Novice: 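Below: one structure in structure tokens.
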Amino acid sequence: MDKDHLIELISNSLLLERKDSESTKNLNDFKNYLERLNLEQLRTMSKEFIL
């Protein structure tokens, strides 16, 4: 999987049912954090979130 796909996969797994502004801001902050990680770190993280 490429980096963009892993970022989407991880962030989508964290989506809350609520779509309030605070949840959206937190998700955007988390996506920004994920984008700074390298591919191997994302792979490790995705395994933790998916399992």
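All of these numbers come straight from a predicted model, not from anything done at the bench.
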Novice: Can you tell me if Gln41 uses its side chain to pair, donor with acceptor, with the backbone of Asn38 under 3.5 Å?
Specialist: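 Yes; at least one donor-acceptor contact below 3.5 Å.
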
Novice: Please find the pair of heavy atoms, one from Leu42 and one from Ile10, that lie closest to each other, and give the distance.
Specialist: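 Looking at all heavy atoms of both residues, the shortest contact is O-CD1, 3.7 Å.
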
Novice: Measure the OG-CG distance between Ser11 and Asn28 for me, rounded to the nearest 0.5 Å.
Specialist: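 Answer rounded to 0.5 Å: 9.5 Å.
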
Novice: First locate atom CD1 of Ile7, then atom OH of Tyr33, and finally report the distance between them rounded to the nearest 0.5 Å.
Specialist: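 Going from CD1 on Ile7 over to OH on Tyr33, the span is 11.5 Å.
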
Novice: Partners of Lys3 by side chain to side chain donor-acceptor pair (under 3.5 Å), sequence neighbours excluded?
Specialist: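 So Lys3 forms no side chain to side chain donor-acceptor pair (under 3.5 Å) with any residue.
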
Novice: Measuring from atom OG1 of Thr44 to atom CG of Leu37, what distance do you get when rounded to the nearest 0.5 angstrom?
Specialist: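 Reported to 0.5 Å precision, the distance equals 10.0 Å.
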
Novice: For Glu35, which residues count as a side chain to side chain donor-acceptor pair (under 3.5 Å) partner, sequence neighbours excluded?
Specialist: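 Expected list: none.
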
Novice: Checking Asp2 now: which residues fulfil side chain to side chain donor-acceptor pair (under 3.5 Å) with it, not counting sequence neighbours?
Specialist: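 In terms of side chain to side chain donor-acceptor pair (under 3.5 Å), with neighbours along the sequence ignored, Asp2 is linked to no residue.
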
Novice: Kindly give the heavy-atom pair with the smallest separation between Leu39 and Leu6, and that separation in Å.
Specialist: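 Scanning both residues, the minimum pair turns out to be CD1-CD1, 3.7 Å.
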
